[in-house]
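Just follow the structure's listing: the first ligand is 1, and inside any ligand the first atom is 1. For this chain, numbers begin at 1 and follow the sequence in order.
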Amino acid sequence: MDSGLVICSIPRIAILASGRGSNFEAIANAIEAKLLVAEIVLVISDRPKALVLEKAKERGLEILIEKDQAKIKSALLKLDLDYVVLAGFMRILSAEFVNAFSDPRGFARIVNIHPSLLPEFPGLDSYRKAFEKKLPRTGVTVHFVDSGVDTGPICAQHEFSIADCKSVGEVEQRGLAVEHELYPRTLHWILQDQFKIFKKGAKLHVQPH
Ligand code: GRF
């Protein structure tokens, strides 16, 4: 007999970050505010002095300081994770690492936030590049990670004006505010599996529903 009982499991994520951890905080705050349904089971940093580690400890979360990708990978694989979430993790993940989190639908269950409208300005210093080119607008991208540098399937983008910004600092400040809203909101539908992913030409496209 159908008991009518619905068991909803909370998606388990680990966050990898190298620095200040403002995106980590935005994610943790969104979870607290119940805007994002997820459990952060581990926060990993490759840099022992990264501020993100203090922020994670203050919230009582498990932390791991580790540089070696093979060790990070095996620590993550023990956790029965739904997704790996990169939040300012300053290392390029090897193909072996990415493949360890592959989903049968053809992408890796690793999400990243990048401070540009990809495919424009992959790699480092993207806000600076947009500012120095005197672009009127730039943006932020949330994407699945593949073994290239910021080349994986795009999940969400948000564009904003920088025409009146007088310094890179101002661009970054405006960008981070956008990141902190876009990342938890996008993670929410990714973790709830509320999207379809399909091939168009050689590329994978992600569409929320
Ligand atoms: C953010 O700009 C993010 O887009 C990029 O690295 C920066 C990390 O900032 N990938 P924080 O550590 O989350 O404050």
Side-chain angles (χ1 to χ4, degrees), residues 13-33 35-36 38 40 42-59 61 63-67 69 72 83-93 97-98 108 110-133 135 137-162 165 167-188 190:
I13 61 172
I15 297 187
L16 272 60
S18 301
R20 133 194 85 189
S22 69
N23 278 286
F24 155 77
E25 277 186 300
I27 293 166
N29 288 341
I31 292 172
E32 264 175 37
L35 297 169
L36 168 61
I40 302 170
L42 183 61
V43 176
I44 302 180
S45 184
D46 55 325
R47 296 191 182 155
K49 293 199 171 128
L51 211 56
V52 68
L53 293 169
E54 295 311 312
K55 292 177 174 174
K57 277 194 272 183
E58 275 165 22
R59 288 172 188 265
L61 296 170
I63 61 157
L64 172 67
I65 301 165
E66 183 55 72
K67 280 192 173 67
Q69 264 189 45
I72 295 177
Y83 277 88
V84 175
V85 174
L86 308 185
F89 190 60
M90 302 306 285
R91 284 169 187 254
I92 295 163
L93 298 176
F97 188 105
V98 172
I110 307 175
V111 194
N112 184 38
I113 185 149
H114 184 79
S116 78
L117 292 172
L118 289 171
E120 202 161 56
F121 307 136
L124 296 176
D125 283 335
S126 309
Y127 286 140
R128 176 177 298 282
K129 288 174 189 162
F131 178 72
E132 284 174 357
K133 274 205 154 188
L135 295 182
R137 307 180 73 73
T138 188
V140 168
T141 302
V142 176
H143 65 97
F144 289 133
V145 173
D146 66 11
S147 54
V149 178
D150 304 318
T151 49
I154 290 171
C155 302
Q157 291 189 306
H158 190 104
E159 196 178 306
F160 55 92
S161 166
I162 54 167
C165 287
S167 65
V168 190
E170 265 186 59
V171 175
E172 189 185 20
Q173 203 182 3
R174 202 168 286 181
L176 283 169
V178 172
E179 294 185 30
H180 299 160
E181 194 278 324
L182 183 70
Y183 208 9
R185 180 159 54 83
T186 306
L187 282 171
H188 184 72
I190 291 173

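- Ligand 1 has a nitrogen or oxygen under 3.5 angstrom from a nitrogen or oxygen of Glu179.
- Not one N or O of Gly19 is nearer than 3.5 Å to an N or O of ligand 1, by distance alone.
- Remark: ligand 1 and Tyr127 share no N or O pair separated by less than 3.5 Å (distance only, no angle test).
- Ionic pairing of Arg20 and Glu172 is present here: one or more N-O contacts between side-chain nitrogen and carboxylate oxygen are shorter than 4.0 angstrom.
- Between Lys57 and Glu54 there is a salt bridge, since at least one side-chain N of the basic residue sits less than 4.0 Å from a carboxylate O of the acidic one.
- For ligand 1, the polar-atom distance check finds an N/O of Ser22 within less than 3.5 Å of one of the ligand's N/O atoms.
- Close approach of ligand 1 to Gly21 is summarised as follows: ligand atoms under 4.0 Å from at least one heavy atom of the residue are 11 (P), 12 (O), 13 (O), 14 (O).
- Residue contacts with ligand 1 include Pro115, since one of its heavy atoms falls under 4.0 Å from the ligand.
- A salt bridge is defined here as a Lys NZ or Arg NE, NH1 or NH2 lying under 4.0 Å from an Asp or Glu carboxylate O, and Lys67 with Asp46 fails to meet this definition.
- Counting only heavy atoms of the protein, atom 8 (C) of ligand 1 lies nearest to Gly88 CA, 3.6 Å.
- Aromatic ring pairs are classed by plane angle as parallel below 30°, tilted from 30° to 60° and perpendicular above 60°; the pair His114 and His143 is perpendicular.
- At the shortest separation from atom 9 (O) of ligand 1 among protein heavy atoms lies Arg20 NH2, 3.1 Å.
- With respect to Lys129 and Glu120, no salt bridge is recorded, no charged nitrogen being found less than 4.0 Å from a carboxylate O.
- A donor-acceptor pair is defined here as one N or O able to donate and one able to accept, closer than 3.5 Å; such a pair exists between the side chain of Ser126 and the backbone of Phe121.
- Polar contact check, Ile113 against ligand 1: a nitrogen or oxygen pair lies under 3.5 Å apart.
- A donor-acceptor contact shorter than 3.5 Å is absent between the side chain of Thr138 and the backbone of Ala130.
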